[in-house]
Amino acid sequence: MTFTDFNLHATLLESLDAMGFEKPTPIQEQAIPYIMQNRDLIACAQTGTGKTAAYLLPVIHNLLASPSGKHAINTLVIAPTRELALQIDQQVEGFGYYAPVTSAPVYGGGDGATWDQQKRAIVQGADILIATPGRLLAHMQMGYVDFTHVQHLVLDEADRMLDMGFSEDIMMIVKALPAKRQTLLFSATMPSKIRHLAKTILNNPHEISIAISKPAEGILQAAYLVNDSRKNELVKHLLAGKKIASTLIFASTKIKVKKLEQELRKMGLSVAGIHSDLEQPEREKVLSSFRAKQVQILVATDILSRGIDMEDIGLVINYDIPNSPEDYVHRIGRTARAESTGVAITFINESEREEFKRIEQLIGKEVNKVPLPPHLEGGTDNKPKQHHRPGGNQRRSFSRR
Ligand code: ADP
Ligand code: MG
């Protein structure tokens, strides 16, 4: 199958060609025809499988094939984080390069000028508005947001948005939209709360589900059983003195991120950290220098684990195991994007061993445990990991999947 089989508008084929997209990914192959028929859709596929294009292409096609001639918001995309909103906006720019399509990202943070710029885009009616829930509601409360001409609503990374507590915000936004619209819900996992949300706001949706929560085939996964006090040395062992590809290290708290960033910098490695304490412009600066390979190692909390697309990440290190098995899939999904290959290494301390079994159960295979280099054996663990989720240390039932 090729992109020409969809009967997409000619300018889209041109930009796909320019972007080097040769053939549709499985989720694109299945989702695009349904979206073009104007049906509601729930689509579930792991990270890195091309979900963004799966909804942007048909939405932009529709704008080009039947232009409204109005300066009005045609499509509202809701996404969990500013990084993701920006990234979706960039994809619109890519696909819309040869087309008269306007888009604008609307996200929190920034200064008065950012707010004014977002307000202008809203008032002038960008064709495609890509917004985080909180900031969009703030604009809505000012009274100038006109949703009367919205035809498509997209919820991207819906599971993440619910995890972040956005479900009430989403409901408030949805209530302000025309009832007659197309609604598309994209998610990497399909927990029951997503089904519930879908029931409330989608209309007789078609459902597509592709290999739920299985990491991409191209990722080589391995793990070390290592005590906390040895983890920094193990990172050094893995990275020092080697010519390393772009590396992403995840840690569960911003304190760990800051400490590890300092440690690695002391070793003379090219490193930056990203976490929720950084202001938006700083986060963007860090991300763009990592993308541009001015920085080789990025240490991050889970704010980065979903949705953010960065090419050529050769190695992902989980400095500790994530709070939920799904997050593991999201974290390691940062490598081996779109059929390339990558390595994901996880550090497991004594108290995390049971928890890691749940991850292995979710991904349906045992991850290879690599023996520690002899000089890193022993050491001590810090106090057991605190879980955000109530009862997070106990085994949960798997009946929900
Ligand atoms: P997801 O939202 O499923 O996590 P993305 O939409 O962010 O995935 O896409 C992951 C990467 O794959 C991006 O770099 C995107 O440009 C690329 N990509 C998507 N579709 C294709 C395709 N058909 N051919 C080549 N690359 C693609
Ligand atoms: Mg995505």
Side-chain angles (χ1 to χ4, degrees), residues 1-6 8 12-33 35 41-61 77-97 105 130 132 154-161 163-164 184-190 194 208-219 246 248 287 290-291 302-313 316 326-342:
M1 181 162 211
T2 67
F3 281 109
T4 47
D5 297 329
F6 298 124
L8 289 167
L12 280 175
L13 295 178
E14 247 178 281
S15 40
L16 282 167
D17 194 44
M19 289 166 80
F21 283 29
E22 283 167 11
K23 61 180 181 56
T25 64
I27 187 74
Q28 291 162 4
E29 208 173 298
Q30 293 194 32
I32 291 173
I35 301 177
L41 180 75
I42 305 177
C44 178
Q46 65 198 77
T47 43
T49 53
K51 293 192 286 297
T52 323
Y55 64 81
L56 284 182
L57 289 171
V59 159
I60 298 173
H61 166 82
V77 179
I78 309 181
T81 63
R82 4 184 181 198
E83 284 82 9
L84 192 60
L86 272 172
Q87 193 181 296
I88 296 165
D89 183 59
Q90 281 159 7
Q91 286 225 22
V92 178
E93 271 174 33
F95 295 134
Y97 190 75
I130 303 130
T132 55
V154 182
L155 301 172
D156 198 358
E157 305 268 348
D159 50 352
R160 176 68 163 161
M161 291 204 279
D163 282 352
M164 290 171 77
L184 309 170
L185 184 152
F186 284 81
S187 192
T189 58
M190 206 45 66
I194 292 284
I208 300 171
S209 179
I210 294 173
I212 295 180
S213 297
K214 294 280 186 291
E217 290 292 325
I219 308 175
S246 290
L248 192 48
L287 275 177
F290 185 58
R291 282 205 185 96
D302 280 300
I303 55 165
L304 254 196
S305 75
R306 298 197 195 205
I308 292 301
D309 178 44
M310 289 182 284
E311 289 186 0
D312 320 323
I313 293 177
V316 171
E326 286 88 356
D327 275 332
Y328 176 81
V329 179
H330 288 294
R331 283 183 178 190
I332 74 170
R334 303 305 93 211
T335 181
R337 306 288 277 177
E339 296 180 14
S340 66
T341 57

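As the structure lists them, so they are numbered: ligands from 1, and atoms in each ligand from 1.
- A salt bridge is defined here as a Lys NZ or Arg NE, NH1 or NH2 lying under 4.0 Å from an Asp or Glu carboxylate O, and Arg331 with Asp302 meets this definition.
- Residue nearest to atom 27 (C) of ligand 1, selected from Phe186, Phe21, Tyr55: Phe21 (by heavy-atom distance).
- With ligand atoms numbered from 1 in the order given, ligand 1 contributes 23 (N) to contacts under 4.0 Å with heavy atoms of Phe3.
- Nearest heavy atoms, Ala188 versus Cys44: O-SG, 3.7 Å.
- Taking the six-membered ring where the residue is Trp, Phe21 and Phe95 present perpendicular rings, their angle passing 60° and hence far from 30°.
- Counting heavy atoms closer than 4.0 Å to ligand 1, residue Lys23 contributes backbone atoms (N, CA, C, O) but none from C-beta onward.
- At least one N or O atom of Thr49, backbone or side chain, sits closer than 3.5 Å to an N or O atom of ligand 1.
- How far OG1 of Thr189 is from CG of Asp163: 7.0 Å, rounded to the nearest 0.5 Å.
- Remark: Leu287 CG to Arg82 CZ distance equals 11.5 Å, nearest 0.5 Å.
- Inclusion of Ala53 in the set of residues having an N or O under 3.5 Å from an N or O of ligand 1 is not warranted.
- Residue Glu22 places no N or O, backbone or side chain, under 3.5 Å from any N or O of ligand 1.
- Scanning both residues, Ile35 and Leu184, for their nearest heavy atoms gives CG2-CD1, 3.8 Å.
- Less than 4.0 angstrom separates some heavy atom of Thr52 from each of these atoms of ligand 1: 2 (O), 5 (P), 6 (O), 7 (O).
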